[in-house]
Amino acid sequence: MASELIAAGLAERGEAEGLSKKEVKRLVNEEMPDRSREIAAAVADHVRARHPEFAGVEAANGYVNISFDAGAMATRLVGEILSRGADYGRGESRPERVMVEHSQLNTHKAAHIGHLRNICLGVSVTNLLAAAGYPTVPATYIGDIGRHVIQCLWCYERFHRGQEPSDILQRGRWLGEVYAEANRRLRFRKDALDLLKLLATEDPVFVTAIDRMLKKLVHRQADGEDVAYLLGRTIHAQEIKEDQLRQDDVIPRYWPIVGEQLRLEAEDLTPRVVEEGQPEPTTTPAERLARWEALAPDMDDWWGQVVGWEAEVKETFQRWERKEPAFVALWDETREWSMVELRRIFAELGAHFDHWFTESAVEEPGRAVVQDLLARGIAEVSDGLPVVKIDEKLGLEQETYRTLPILRSDGTTLYATKDLALTRQKYEDHGIDISIWVVDVRQSLYFDQVFKVLELAGFEKAAEAIHLGYEFVALPEGAISSRKGTAPIYEDIRDAVVGRARTIIEEKNPDLTGEARDRVAWQVGIGSLKYTMLARDITKVVVFDLDEALSFDGHAAPYIQYAHARASRILERAELSPDAILATAGDLAFTGLEPSELTLLQHLATYPDEIQRAAAEYRPLLITNYVYEVAKAFNDFYHACPVLQSGEPTRSARLALVAATRQTLANGLAILGIDAPEEM
RNA sequence: GCGCCCGUAGCUCAGUGGAUAGAGCGCUUGCCUCCGGAGUAAGAGGUCGCAGGUUCGAGUCCUGCCGGGCGUACCA
């Protein structure tokens with residue numbers, strides 16, 4: 001508005017004549033700040049004259065600030081919060097039923113820190129949508145079949161039959177360990193060759209020592225051509241391929257020689273200078289030695305067996321495909337061991353589901369979808385397996401959706417086989433309008449593919465499917481790998497966090513004991529864990545650091561819980577029931593409000609809007625920020641304004657404000673799935 | 001190569017096109033005879049990756065670069 005007025009003014013005065021557009025604009029910009037202030041002042045005068053109901057109208061720096069009668073607003077707001085209680089912030093009912101699929105845990109595999117982010121997000125997004133007014137249908141999708149299950153059961157039958165712990169509660173976790181071992185066995189050759197490749201690429205000392213090492217290898221009757229091959233590959237920093245080796249045990253013979261060299265390098269403490277043009281090493285000599293050592297004990301025994309094991313796993317897969325009764329029975333039994341554990345984890349974290357989908361249940365429907373796609377020419381067999389060449393089908397020039405394999409060449413099912421069927425089922429069998437998948441962002445291309453294939457097959461609803469992709473959880477030392485068994489297990493982290501909370505309670509609140517102390521330790525520990533998972537945008541990678549998770553100071557759940565506990569304590573000491581406070585809410589006298597009271601009231605007032613916005617954006621983060629702001633505003637108020645010692649009518653008004661704050665904090669925390677303790 | 005994401009204080013992160021860019025951690029200095037100190041007051045700390053553009057106004061939107069992460073046909 002100001003710019004138009006200024007431009008008009010310039011033209012009127014003839015000052016813009018003969019000037020270029022740019023020069024006019026410069027003149028306009030120069031006048032801008034002053035003009036804005038003038039206009040703001042004029043608007044303020046105008047409003048003040050005509051609207052006496054506003055408590056104040058002021059022009060400031062080009063803005064018009066309008067203030068209201070805070071006391072009246074406060075009475076109305078606090079009354080509304082107290083009367084609506086747990087429903088304060090809840091939006092008007094909406095017609096669309098929303099399914100939220102999340103917490104896709106696997107049986108036969110341990111739940112780790114990475115899964116925790118998914119569960120926390122899924123639970124809070126579900127709560128958020130419900131609070132915004134949508135009927136929600138939470139669902140989970142359990143990975144109870146697939147390669148990981150087959151590998152686990154192969155390893156169990158082959159090496160551990162009858163060794164399972166007698167405690168049924170421990171068996172799920174134990175199975176996860178068996179799975180990790182299966183991976184170590186099956187990946188053994190690859191892990192060894194990967195290390196040799198790494199040494200060739202980033203360890204110049206190792207490469208210079210290659211002649212000496214290979215001379216030793218020759219002494220151990222190694223095949224001449226293999227030695228030459230190793231030499232060439234190492235010098236040129238290339239991958240060693242096992243099918244290029246003539247003598248199958250040449251690597252086991254070579255291994256001790258490699259180890260001697262790595263030990264020498266690890267013991268040499270003189271700092272190494274990276275030469276110009278050489279890649280920066282990603283590992284230290286000690287780490288490289290550790291990787292060698294991890295493989296060394298099993299080298300002689302395992303190396304020769306890996307090929308046979310792989311064949312056994314394939315056969316195990318076929319036993320599943322044939323539905324061999326003994327094998328299916330074993331699957332069923334072990335599956336239940338894991339399910340016991342999964343149900344407990346869900347209960348601990350407050351994840352409830354209306355539907356439990358399982359991969360095993362959609363294998364056959366998935367096969368039917370594949371047959372249908374093949375029959376209709378949407379899918380084709382390429383390189384021996386059914387795929388959908390999506391870009392080609394859509395006539396896209398640029399690679400976009402690429403190609404989706406929908407069944408393995410040996411006829412076993414893939415994740416895609418099952419998701420194709422499940423996606424249809426969700427809409428067709430469960431009467432939902434909106435469907436959300438809470439899954440790691442690394443699978444976004446995959447979901448685009450699945451949805452697009454269904455669209456190609458004429459299933460139009462697939463176009464509206466929402467993949468809520470969040471960034472993954474990494475560790476300070478790098479990516480999580482459940483295959484290597486390096487991922488921190490959920491239960492260990494939980495125990496650490498709850499244990500720490502308990503220690504702090506014992507130190508800070510020795511009066512709290514017994515069952516109450518244990519309960520609060522749980523609420524604070526788990527709450528803190530959830531908060532760290534949620535208080536980061538889903539577009540950001542979380543680097544999980546246990547020390548940080550164990551820190552309960554500052555911007556963290558306990559800060560908010562503490563504010564809630566403080567508020568609870570004040571109300572308790574006032575010896576007024578919630579009903580009694582509510583009864584007074586109609587005629588509270590908020591007079592002479594302190595700045596901290598105003599700030600607190602303003603925060604409380606925005607809660608319903610925060611819910612709507614957070615729900616529209618699927619962002620629990622906004623609620624974590626919000627409850628923190630409220631807790632902060634409450635603490636300011638707490639320090640600035642005495643409640644119990646104040647005289648009437650301030651005392652009653654402030655008590656009601658404390659009650660309203662407590663309610664709002666509890667409601668916000670509930671959306672995050674975090675408990676609000678009365679004491680801590 | 002192509003696609004997606006990230007880049008804001010020493011570190012970890014907020015920031016809805018709008019006023020002087022904010023928190024926490026860490027560091028420095030204060031506050032418990034007072035409703036619970038898991039708290040609180042203050043201080044130091046910023047070329048919002050770089051360069052253009054749109055706009056009265058850009059950390060925010062657009063384009064191009066730079067740096068990092070992830071994905072990219074029989075893993076899930």
Side-chain angles (χ1 to χ4, degrees), chain A residues 1-4 6-7 25 28-29 31-33 35-36 60-63 65 104 106 109 143 146-148 359 382-389 398-410 412-419 439-446 448-449 469 471-472 474 479 482-483 501 504-505 507-509 524 532 535-543 545 548 551-563 565-567 569-574 609 613 617 621-622 624-625 628-629 632 635-636 638-646 654-655 658 679-680:
Chain A
M1 181 161 72
S3 66
E4 285 160 30
I6 295 166
K25 191 173 161 185
V28 168
N29 283 349
E31 279 194 41
M32 197 58 197
R35 242 353 227 143
S36 302
N61 213 6
Y63 288 78
N65 295 332
Q104 301 87 346
N106 296 311
K109 212 169 170 181
R147 179 157 279 168
H148 75 279
E359 291 191 34
S382 168
D383 291 344
L385 70 154
V387 301
V388 180
K389 296 187 174 172
Q398 202 190 348
E399 58 178 24
T400 307
Y401 297 102
R402 298 170 171 267
T403 296
L404 179 69
I406 54 177
L407 204 61
R408 285 201 190 92
S409 52
D410 63 2
T412 56
T413 63
L414 289 165
Y415 205 48
T417 319
K418 296 170 267 195
D419 254 327
V439 184
D440 190 329
V441 76
R442 287 176 290 193
Q443 292 178 42
S444 52
L445 172 60
Y446 165 77
D448 288 345
Q449 290 176 323
E471 279 290 353
F472 59 99
S482 65
R483 283 195 305 237
I504 294 177
I505 292 168
E507 176 195 321
K508 303 206 180 202
N509 191 1
V524 170
T532 51
R536 187 143 318 179
D537 232 321
I538 62 171
T539 56
K540 289 227 165 83
V541 175
V542 169
V543 177
D545 186 338
E548 265 174 49
S551 161
F552 296 157
D553 296 326
H555 192 170
Y559 178 89
I560 301 147
Q561 292 172 314
Y562 189 67
R566 262 182 171 168
R569 175 53 59 92
I570 292 174
L571 296 169
E572 186 190 317
R573 295 185 57 139
D609 289 344
R613 188 180 148 223
E617 297 177 18
L621 164 72
L622 299 181
T624 65
N625 288 345
Y628 178 69
E629 290 300 327
K632 208 179 178 51
N635 278 333
D636 281 349
Y638 177 87
H639 286 275
C641 304
V643 179
L644 298 175
Q645 286 101 327
S646 294
R654 285 186 178 164
L655 268 175
V658 170
E679 57 180 342
M680 59 189 276

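Numbers restart at 1 for each chain; the letters A, B, ... are given by sequence-line order, proteins then strands. What you see below is based on every heavy atom in this structure, not just the backbone, and it leaves out hydrogens, waters and symmetry mates. The model shown is predicted, which means the values in this text are computed figures rather than measured ones.
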OG1-CD distance between A:Thr413 and A:Glu359, expressed to the nearest 0.5 angstrom
7.5 Å
Regarding A:Glu679, tell me which of base, sugar-phosphate or nothing describes its non-hydrogen contacts under 4.0 Å with the strands shown.
base
Taking only the P atom of each, what is the distance from B:G10 to B:C6 in whole angstrom?
22 Å
Both distances under 3.5 Å, Watson-Crick or G-U wobble: on that basis, could you give the dot-bracket string for RNA chain B, with [ ] for crossing pairs and | for other-strand partners?
(((((((..((((....[...)))).(((((.......))))).....(((((..]....))))))))))))....
Is A:Arg408 paired with A:Asp410 through a side-chain N to carboxylate O contact shorter than 4.0 Å?
no
Do A:Leu385 and A:Leu407 come within less than 4.5 Å of each other through their side chains, counting heavy atoms only?
no
Without decimals, in angstroms, what is the distance between A:Lys508 NZ and B:G39 C1'?
9 Å
Donor/acceptor link under 3.5 angstrom from A:Ser409 side chain onto base of B:C74:
yes
Under 4.0 Å, counting only non-hydrogen atoms across every strand here, what does A:Tyr559 touch: a base, just sugar-phosphate, or nothing?
sugar-phosphate
Between atom NE2 in A:His555 and atom P in B:G15, what is the gap in whole Å?
11 Å
Any A:Lys632 side-chain nitrogen or oxygen under 4.0 Å from OP1 or OP2 of B:G24:
yes
Measuring only the C1' atom in each nucleotide, how far is B:G1 from B:U60? A whole number of Å is fine.
31 Å
Between A:Tyr559 and A:Asp553, is any pair of side-chain heavy atoms under 4.5 Å apart?
no
Can you tell me how far C1' in B:A9 sits from the matching atom in B:U47, rounded to whole Å?
13 Å
A:Ser646 and A:Arg654: which non-hydrogen atoms are nearest, and at how many Å?
OG-NH1, 3.3 Å
Which is true for A:Asp636 with a 4.0 Å heavy-atom rule: it touches a base, it touches only sugar-phosphate, or it touches nothing?
sugar-phosphate
What interatomic distance, in whole Å, is found between P of B:C25 and the corresponding atom of B:A38?
13 Å
Touch check for A:Asp537, heavy atoms < 4.0 angstrom, all strands: base, sugar-phosphate only, or nothing?
sugar-phosphate
salt_bridge(A:Glu629, A:Lys632) N-O dist < 4.0 Å:
no
Short side-chain N/O contact to B:A73 OP1/OP2 from A:Tyr401, under 4.0 Å:
no
Rounding to the closest angstrom, what is the interatomic distance between B:C56 and B:A51 at atom P?
23 Å
Tell me which of A:Met680 and A:Asn106 sits closer to the 5' end of RNA chain B, going by the nucleotide each one is nearest to.
A:Met680
From C-beta outward on A:Arg147, which listed nucleotide comes closest to its side chain: B:G36, B:A76, B:C35?
B:A76
For the pair made of CD1 in A:Ile504 and C1' in B:G36, what is the distance, rounded to whole Å?
16 Å
Under 30°, 30 to 60°, or over 60°: which ring-plane class applies to A:Tyr628 and A:His555, parallel, tilted or perpendicular?
parallel
Are A:Asn635 and B:U40 close enough that a side-chain N or O sits under 4.0 Å from OP1 or OP2?
yes
Using OP1 and OP2 only, check whether a side-chain N or O of A:Arg402 sits under 4.0 Å from B:U72.
no
Name the nucleic acid region contacted by A:Tyr628, choosing base, sugar-phosphate or nothing; use a 4.0 angstrom heavy-atom cut-off, strictly under.
sugar-phosphate
Considering only the P atoms, how many Å lie between B:G7 and B:G49, rounded to the nearest integer?
8 Å
Write down the distance separating the C1' atoms in B:A58 and B:G17, rounded off to the nearest Å.
7 Å
A:Glu617 CD to B:U60 C1', in whole Å, measures 13 Å
What is the nucleic acid contact for A:Gln449, judged by heavy atoms within less than 4.0 Å: base, sugar-phosphate only, or nothing?
nothing
What is the distance, rounded to the nearest whole Å, between atom OH of A:Tyr638 and atom P of B:C31?
19 Å
Rounding to 0.5 Å, atoms CD (A:Gln449) and OG1 (A:Thr403) come to a distance of 8.0 Å
Using a 4.5 Å cut-off on heavy atoms from C-beta on, say whether the side chain of A:Val441 contacts that of A:Phe472.
no
Using a 4.0 Å heavy-atom cut-off, does A:Val643 contact any base of the nucleic acid, only the sugar-phosphate backbone, or nothing at all?
base
Atom-to-atom span, OH of A:Tyr446 to C1' of B:C74 - whole angstrom:
13 Å
Protein-to-nucleotide contact annotation, 5' to 3' order, nucleotides 5-11 of chain B [B base; S sugar-phosphate only; - none; under 4.0 Å, heavy atom]:
SSS----
Between P on B:C75 and CD on A:Glu359, what's the gap in Å once rounded to a whole number?
14 Å
Just to confirm, is there a sub-4.0 Å distance from OP1 or OP2 of B:A76 to any side-chain nitrogen or oxygen of A:Arg408?
yes
Just how far is it from atom OG1 of A:Thr532 to atom CG of A:Asp545, taken to the nearest 0.5 Å?
10.5 Å
Less than 4.5 Å apart, any side-chain heavy atom of A:Glu548 and any of A:Val543?
no
Minimum-distance nucleotide to A:Arg566 side chain [options: B:A38, B:G37, B:A73]:
B:G37
A:Ile505 near the nucleic acid: base, sugar-phosphate alone, or nothing, with a heavy-atom cut-off under 4.0 Å?
base
N-glycosidic conformation, B:C13 - syn within 90 degrees of 0, else anti:
anti
Mind checking A:Phe472 for me? I need base, sugar-phosphate or nothing, with any heavy atom below 4.0 Å counting as a touch.
sugar-phosphate
Report which part of the nucleic acid A:Gln443 touches: base, sugar-phosphate, or nothing (heavy-atom distance under 4.0 Å, all strands).
base
Return yes if the base of B:G3 and the side-chain atoms of A:Glu399 contain a donor-acceptor N/O pair under 3.5 Å, otherwise no.
no
Would you indicate, yes or no, if B:A38 has its OP1 or OP2 atom less than 4.0 angstrom from a side-chain nitrogen or oxygen of A:Tyr562?
yes
If we take the P atom in both B:A23 and B:C62, what is their distance in whole Å?
29 Å
Does B:U72 have OP1 or OP2 sitting under 4.0 Å from an N or O in the side chain of A:Arg442?
no
Nearest-nucleotide check on RNA chain B, A:His639 vs A:Leu414; residue mapping nearer the 5' end is A:His639
So what does A:Thr400 touch, heavy atoms closer than 4.0 Å: a base, only the sugar-phosphate, or nothing?
nothing
Whole-Å distance separating the CG atom of A:Leu445 from the P atom of B:A73:
8 Å
A:Arg573 vs B:C35: side-chain N/O to OP1/OP2 distance below 4.0 Å:
no
